[in-house]
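Following: one structure in structure tokens, then a few remarks.
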There are 2 protein chains.
Amino acid sequence: MPEEPSTLRARRRVQTQRTIQAHATRLFRERGYDATTMNDVAEAAGVSPMTVYRHFPTKEDLVLSDQYGELIAERVAASPAGQPLVRRIGGALVAAAAALAGDDAAADRRFLLVRLQLMIATPALRARHLDNQYALQQAILGALEDGDADPDAAFEAQAAASACLAALHTAMVRWAEDDGRTDLPGLVGKALAAVFGDDVAGPAR
Amino acid sequence: MPEEPSTLRARRRVQTQRTIQAHATRLFRERGYDATTMNDVAEAAGVSPMTVYRHFPTKEDLVLSDQYGELIAERVAASPAGQPLVRRIGGALVAAAAALAGDDAAADRRFLLVRLQLMIATPALRARHLDNQYALQQAILGALEDGDADPDAAFEAQAAASACLAALHTAMVRWAEDDGRTDLPGLVGKALAAVFGDDVAGPAR
DNA sequence: CTCCCGTCTGTTAGTGACTACCTGATTGGT
DNA sequence: ACCAATCAGGTAGTCACTAACAGACGGGAG
């Protein structure tokens, strides 16, 4: 829940961003991503093409968003250091998914669903989305704060984190294919269980 | 080891492809990927820009290649159907890596190394490489030939395959960061073991 | 209230990846 | 030797994206 800054300028800024993104996703769904030009988006949003580029540096950024990466990294950092890595990371992923499950997050959930479906269907978006997941993986590893210089442990942490995010991705794809009807935290837990065994998500705390 | 077709035309075609790709990777390493234009590549290879586009539809294709995907899918399909999925897929990945370990594959190995390092360092290439891995994941799932319509089993297979490929990716990144000094099949096995436990790569057969 | 600074927006002119379409040249089989 | 298919090159265009400049507006200082 990002609190809206009270200054008029910042509010208008957020407003135009939302307007542009809303028109963009609508046009992408109606005509297809590749068939929609940045000029189309600008015209539909009632701004100049340059304004679109100022708020979204690339066309792909109109669909992608990393708003949950920070949240996940924080939860990983806050998890108890004694637990196995896959549980620390997996728990954070399930918790982040659960944050989307409430009724008050319905709008965010629907918007994420539309964007996910675009990402899956459009090769360029899919590729950049996967790269974002990779960046999230690095952020998670940074949040673990493993200052130890053991390269073997670092390698295993990389492998564990990448597998956790692969499970998350599998769950999100399935969720999008189901049009969001299935419970997302449950899907994430099931994917993690399918990879690591049923004991990972485990009983809470 | 693709046998070269004996017709003169096909041989020259392969030759120009190799020339273009070699000059491209060299320029990309020397000046950077983004700082090298397609015209630069064409000029260095002694052909017209149009010819470059005929052989490599996008700039990224000058670096990427899916030559091992088919091999991996075949090995998965040939693996015994009774074994657990992660062993079937993981075994195929280790075997594919082992095919690169021989002395006769040294040139292929070095070339793959250079391209991998470019992929890791260049965001656009990294994204498309990850998308290729995702395509490979779908190919592997197709090779499993699980005709059963159980959606739960399909979901678990997706999760398992994605985690296997995440481990492969982790191993390849590490291998590239080590400048290819480490044994690639060993790294793949270690990454799989870190994700699934030490019993997966397990004793041969 | 006014002035000034920083931010937001728009315009223009570019670069570079990529496509569509057409024109010759070369090769492989008849 | 001929014909058809394939391959190289040229031209002109679209589109994503950038750089540089100029005007408009909100927000704080006096």
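So that the names make sense, note that chain A is the first sequence line, chain B the second, and so on, each numbered from 1. Scope of the values below: all heavy atoms of this structure, side chains included, with no hydrogens, waters or symmetry mates.
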Measure from CD on A/E43 to P on D/dC15 and round the result to the nearest Å. 13 Å

Looking only at side-chain N and O atoms, does A/R54 come under 4.0 Å of OP1 or OP2 in C/dT9? no

In whole angstrom, what separates B/R11's CZ from C/dT27's P? 12 Å

First locate atom CD1 of B/I120, then atom CG of B/L125, and finally report the distance between them rounded to the nearest 0.5 Å. 11.0 Å

Of A/V52 and B/D34, the one whose closest nucleotide on DNA chain C sits nearer the 5' end is A/V52

Nearest 0.5 Å, please: how far is CG in A/L184 from CG in A/L112? 8.0 Å

Rounded distance (Å) that lies between atom C1' of D/dA16 and atom CG of A/D61: 13 Å

Nearest whole Å is fine: how far is D/dG26 P from A/Q15 CD? 16 Å

Taking only side-chain nitrogens and oxygens of A/H55, does any of them come within less than 4.0 Å of OP1 or OP2 of C/dC8? no

Can you measure B/Q17 atom CD to D/dT6 atom C1' for me and round it to whole angstrom units? 14 Å

Quiz question: by atom type and distance under 3.5 Å, do the side chains of B/R115 and B/S65 form a donor-acceptor pair? yes

A/R12 atom CZ is separated from C/dC8 atom P, nearest whole Å, by 11 Å

Closest to the 5' end of DNA chain D, once A/Y33 and A/M50 are matched to their nearest nucleotides, is A/Y33

When the ring planes of A/Y134 and B/H169 are compared, do they come out parallel, tilted or perpendicular, using 30° and 60° as the limits? perpendicular

Separation of atom CE in B/M38 from atom P in C/dG16, rounded to whole Å: 13 Å

Rounded to the nearest angstrom, tell me the gap between atom CG in B/N39 and atom P in D/dG10. 11 Å

Against the side chain of A/T37, the closest entry in D/dC15, C/dG16, C/dT26 is D/dC15

Side-chain atoms of A/T58 come closest, of D/dC17, D/dA8, C/dA17, to D/dC17

For B/P57, report the nucleic acid contact type (base, sugar-phosphate, nothing); a contact means any heavy atom under 4.0 Å. sugar-phosphate

In Å and rounded to the nearest 0.5 Å, what is the CG to CG distance from B/D131 to A/L130? 6.0 Å

Tell me whether the side-chain N/O atoms of A/R9 come closer than 4.0 Å to OP1 or OP2 in D/dG27. no

Listed nucleotide nearest any side-chain atom of B/Y53, set D/dC7, C/dG10, C/dT19: C/dT19

